[in-house]
Number of protein chains: 2
Amino acid sequence: MAKATDGNGAPVPQRLLAAATRLFAERGYDRTSVQEIVEAAGVTKGALYHYFGSKEDLLQEVYARVLRLQQERLDAFADAEAPVERRLRDAAADVVVTTIENLDDASIFFRSMHHLSPEKNKQVRIERRRYHERFRALIEEGQQAGVFSTATPADLVVDYHFGSVHHLSTWYRPDGPLSQQEVADHLADLLLRALRP
Amino acid sequence: MAKATDGNGAPVPQRLLAAATRLFAERGYDRTSVQEIVEAAGVTKGALYHYFGSKEDLLQEVYARVLRLQQERLDAFADAEAPVERRLRDAAADVVVTTIENLDDASIFFRSMHHLSPEKNKQVRIERRRYHERFRALIEEGQQAGVFSTATPADLVVDYHFGSVHHLSTWYRPDGPLSQQEVADHLADLLLRALRP
DNA sequence: GATCACATACCGACTGGTTAGTCTGCCGAG
DNA sequence: CTCGGCAGACTAACCAGTCGGTATGTGATC
């Protein structure tokens, strides 16, 4: 018998988080009962409320994880040694790939954020804003260097691109005609083309 | 005493629809109780269930209305007498303006569609698909005429643009620095710039 | 022009079912 | 023996939809 695992190989908190992520993405936060989550994780309510303070905490944890991941990756691409147009393209394509790889998190993110209480919502917004600004700085850098058009404010360009990223969970299907990388390349390409001076 | 109006100037079904739209956008579909809707509309449950079969029917009505409106407008712009790049630009800018003008409907649309039952969801998807295809046809027309780049599949270009349109309800604020028309012009501009050969 | 039949519009108490979160207690490891 | 980790019955609240009832209007009949 394994150490702290019964119905599955992973520790209970991770199992709960994984089950919650899948169910929230599938049916939405409000339509998913705590009972369903604990059953999917192979435990009971006692276990869930032992590790998490509330159902909402579970949702916030999902956000926090995906935000940390994406911020790390963006920072890595933005700080690389390369021309700004290259760094922007890589970052723009990477966020598409990682979003597709975590489509569940993405759909939860954009559909259920308003279910968080005001304080937690604020917290998430602050993190998101940091991400947005890092991306914007990249565009502004290119604009100042003269390699990107200044016709559109950088803020709007960021929202334009992230709109399409956010939209991915609505239309992208793994069994569709385009691979993750192809979609990412096309979307990054559209961004760069729109920014040509 | 007016004819069929007591607490307000509009007929009861419209009042219910307006109240539901506002509340669904504010708190989400599941978080809005039927009781709250009828109170906001100044009637009782009896009235609501007299005019609508269910809470879900109310949500579907919201969709049907906004879909009809946007399809009509797109058709008008697409069928106009003008060069294709002009027709596309006008259509792309118009959908931004009408979306901003109906931000409540927009946020309900992309946050609550999955709350519809499978059949109703399918119905909405069919209507949406028709809209998508009309828009795509416009892009393909321009590509065949050689005025738009063929580097990106037209389907993807449509999703790129509509991603940004959906995203509007997340970030656009009427008291922000940009007017509706300015945002619309910028977003249409980004689309056209990305499509330059 | 009075009466009856029937329909439309709406009211509001009630029901059956669901849900998040609590609490008491068991159990195995150190 | 005790303490973290967890089970599962329980509670208090809530909610969509129902249903019997009332009020007002309308058209037919005599």
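Chain letters run A, B, ... following the sequence lines, proteins first and then strands; every chain starts at 1. Keep in mind that the numbers below use all heavy atoms, side chains included, and drop hydrogens, waters and symmetry copies. Note that this is a predicted model, so its numbers are computed, not measured.
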**Prompt:** Applying the side chain to side chain contact (heavy atoms under 4.5 Å, CB included) test to A:T32, which of A:L59, A:L23, A:L58 qualifies?
**Reply:** A:L23

**Fill in**
Scoring nucleotides 23-30 of chain C by protein non-hydrogen atoms under 4.0 Å (B base, S sugar-phosphate only, - none) yields --------

**Prompt:** Does the ring centre of A:F162 sit less than 6.0 Å away from the ring centre of A:F135?
**Reply:** yes

**Any residue of residues 24-34 of chain B with a heavy atom less than 4.0 Å from an atom of DNA chain D** = B:T32, B:S33, B:V34

**Asked** Once you round it to whole Å, what is the distance between P of D:dG17 and OH of B:Y51?
**Response** 19 Å

**Request:** For the residue pair A:R65 and A:L69, establish whether any side-chain heavy-atom pair is separated by less than 4.5 Å.
**Result:** no

**Request:** Answer whether the closest heavy-atom distance between the side chains of A:V95 and A:H161 falls below 4.5 Å.
**Result:** yes

**Prompt:** Any donor-acceptor pair under 3.5 Å linking the side chain of B:Q143 with the backbone of B:S149?
**Reply:** yes

**Message:** Starting the side chain at C-beta, find the nucleotide from C:dC11, D:dG4, D:dG8 nearest to B:V43.
**Reply:** C:dC11

**Message:** Just to be sure I understand the geometry, which residues of residues 53-63 of chain B put a non-hydrogen atom under 4.0 Å away from DNA chain D?
**Reply:** B:S54, B:K55

**Message:** Please verify the inter-ring angle class for A:Y160 with B:Y160; under 30° counts as parallel, over 60° as perpendicular, anything in between as tilted.
**Reply:** perpendicular

**Fill in**
Those residues at least two apart in sequence (or on a different chain) that pass side chain to side chain donor-acceptor pair (under 3.5 Å) with A:T98 are A:Q70

**side-chain N/O B:H50 vs C:dC10 OP1/OP2, d < 4.0 Å** = no

**Prompt:** Could you state the CG-P distance from A:L23 to C:dT19, rounded to the nearest angstrom?
**Reply:** 13 Å

**Prompt:** Under the criterion salt bridge (Lys or Arg N to Asp or Glu O under 4.0 Å), which of A:R87, A:R134, A:R68 is the partner of A:D75?
**Reply:** A:R134

**Message:** Among B:T150, B:L156, B:D155, which residue satisfies the side chain to side chain contact (heavy atoms under 4.5 Å, CB included) criterion with B:T152?
**Reply:** B:L156

**Request:** Using the ring pair (Phe, Tyr, Trp, His ring centres under 6.0 Å) rule, collect all pairs that involve residues 48-88 of chain B, keeping only residues at least two apart or in two chains.
**Result:** B:Y63-B:F109

**Item:** Length of the line joining A:F52:CZ and C:dA20:C1', which is rounded to integer Å
**Value:** 16 Å

**Complete:** When rounded to whole Å, the CG to P distance for the pair A:L48 and D:dG8 reads 15 Å

**Prompt:** Expressed in angstrom and rounded to an integer, what is the separation of A:R15 atom CZ from D:dG5 atom C1'?
**Reply:** 13 Å

**Request:** Applying salt bridge (charged side-chain N to carboxylate O under 4.0 Å, His left out), name anything that partners B:E127, two or more places apart in sequence or on another chain.
**Result:** B:R130

